[in-house]
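Okay, so here's the structure we're looking at.
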There are 2 protein chains.
Amino acid sequence: MAAVESTKQVSALGRALLSVLCRREATGYELSRAMSNSTDYFWTARHSQIYAELARLETAGLVRHTDIAAAGPRQSKRYAVTAAGRRSVLHWLRTEPEAHVDRDPVILRAHALWLLPPDEALEVLAGIEDASRERLTLYRSFERELDDDGQARTASHPDFGSWATVRAGIEFHQGRLRWCRDVRRRLQQEDG
Amino acid sequence: MAAVESTKQVSALGRALLSVLCRREATGYELSRAMSNSTDYFWTARHSQIYAELARLETAGLVRHTDIAAAGPRQSKRYAVTAAGRRSVLHWLRTEPEAHVDRDPVILRAHALWLLPPDEALEVLAGIEDASRERLTLYRSFERELDDDGQARTASHPDFGSWATVRAGIEFHQGRLRWCRDVRRRLQQEDG
DNA sequence: TCCAGCATGTAACCCGTTACATGATTAG
DNA sequence: CTAATCATGTAACGGGTTACATGCTGGA
């Protein structure tokens with residue numbers, strides 16, 4: 001008798017958690033620390049969501065926990081992917097990429113930018129530019145760390161995944177800066 | 001006595017709708033046609049959401065409708081921004097840009113890519129690349145149309161806003177293609 | 001003493017998607 | 001005759017954020 005392989009779909013958050021747990025075992029708290037700041041250009045989630053999703057993954061048989069002693073009042077739960085969990089990640093990687101709708105507030109502003117006088121529009125643009133520059137220096141320092149460590153060059157090492165996401169962040173913000181330059185040029189044509 | 005200026009915050013969708021209505025009056029149906037496909041790299045929403053949000057904007061006094069004859073059984077409602085609506089858009093444009101968390105499925109895949117053997121990872125990458133190339137040709141044709149029309153050069157013309165969003169889409173996918181190239185190189189280093 | 005960090009969890013709420021519902025006109 | 005398009009709307013549900021709750025340890 002084959003085990004009942006989760007008929008239910010794993011959510012995107014579930015995949016993100018599994019994908020982290022494929023690297024190393026972790027508690028919900030550790031996962032939430034790693035994912036509640038979006039500084040690593042990967043995936044964000046709050047602890048409230050993570051604890052709930054871990055429970056769901058466990059009933060689906062994709063992760064398993066062992067109780068460990070903890071500093072706080074409660075016991076801590078160390079989660080690990082099961083064989084079925086790893087299989088489900090690999091299966092997902094082999095399926096067609098899902099469509100992505102991005103609702104980016106910068107794009108909203110861009111769409112309404114014509115309503116502002118050019119000099120004010122330039123200010124808005126400068127704000128966007130500053131934010132992207134800041135992100136860029138952050139991601140670049142991450143990339144340097146990963147490159148110095150060397151493991152990110154090995155395609156089968158977890159660091160390769162980290163490098164790939166950080167690189168995507170870099171490329172994104174470089175693109176955004178180029179966009180800022182393009183828009184600025186047109187605004188200045190008008191202004192000058 | 002000054003009118004009670006909406007104490008409630010306008011949602012992102014609300015701002016998107018106002019920003020379209022600042023260009024031209026429109027019915028809910030027209031708005032939903034314009035926004036239900038994400039082909040113009042601006043903002044997406046379903047009609048169910050749009051009709052509800054328009055009602056909210058109206059009670060907040062930011063838009064106003066006039067009934068018009070329609071093809072269907074119901075009357076159609078043509079919406080227009082009010083002075084307060086236009087003010088609220090301008091006010092928002094002058095506030096600090098909000099942070100954006102993007103949960104991009106491509107990034108999720110990238111993070112887990114090390115789990116696949118290099119040749120399969122290359123296939124995944126090729127799929128991502130194809131999707132971005134397709135988008136790029138679409139957006140480039142939009143940009144050409146806008147540039148041919150000429151109005152997009154005028155910073156105070158609505159087309160300037162369209163051009164800016166389309167340009168952002170182009171820059172985004174160019175960045176993504178560069179990313180694909182970078183990742184592919186590292187994978188091939190491993191492979192070859 | 002008081003605050004930060006550890007370590008869970010629950011509940012209320014908002015935003016977005018999917019699906020249900022209605023009914024007229026027009027093109028095939 | 002049938003399907004698509006016009007043109008609204010409601011309801012159920014899932015994902016995500018914010019806020020509430022608990023209680024221990026270690027440092028300022």
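To find a chain, count down the sequence lines: A is the first, B the second, and so on, and within it residues start at 1. Below, all heavy atoms of this structure are taken into account, side chains as well, without hydrogens, waters or symmetry copies.
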- So does E58(B) pair up with K77(B), basic N to acidic O under 4.0 Å? no

- What's the CD1-P distance between I50(B) and dA7(D), to the nearest Å? 15 Å

- Query: Within this structure, what is the OH-to-P distance between Y51(B) and dT22(C), rounded to whole angstrom?
  - Reply: 17 Å

- May I ask you to verify if any side-chain N or O of R33(A) is less than 4.0 angstrom from the OP1 or OP2 atom of dG5(C)? no

- Note on the structure: Whole-Å distance, H65(B) NE2 to dA7(D) P, equals 15 Å

- Query: Is the shortest side-chain N to carboxylate O distance from R109(A) to E98(B) below 4.0 Å?
  - Reply: yes

- Task: With heavy atoms under 4.0 Å as the rule, sort R78(A) into base, sugar-phosphate or nothing.
- Result: nothing

- Nearest whole angstrom, please: distance from the P of dG14(D) to the CD of Q9(A). 13 Å

- Message: Rounded to whole Å, how long is the line connecting atom CD of Q75(A) with atom C1' of dG23(D)?
- Response: 15 Å

- Interatomic distance, Y29(B) OH vs dT8(D) P [rounded to whole Å]: 9 Å

Under 3.5 Å, which donor-acceptor pairs do the side chains of residues 121-132 of chain A form with other protein atoms, sequence neighbours left out?
from	atom 1	to	atom 2	distance (Å)
E129(A)	OE1	R184(A)	NH2	3.3
E129(A)	OE2	R184(A)	NH2	2.7
S132(A)	OG	H173(A)	ND1	2.9

- For the atom pair CG (D182(A)) and CG (L187(A)), what is the distance rounded to the nearest 0.5 Å? 11.0 Å

- Are L21(B) and L31(B) close enough, and set up right, to give a side chain to side chain contact (heavy atoms under 4.5 Å, CB included), and what steps lead you there? CA-CA 9 Å; L21(B) 291 172; L31(B) 287 165; 4.2 Å; yes

- Task: Would you please test S19(B) and F42(B) for side chain to side chain contact (heavy atoms under 4.5 Å, CB included) and show each step?
- Result: CA-CA 11 Å; S19(B) 150; F42(B) 166 52; 4.2 Å; yes

- Note on the structure: Protein-proximity profile, nucleotides 11-20 of chain C, B/S/- by nucleotide at the 4.0 Å heavy-atom cutoff, equals B---SSBBB-

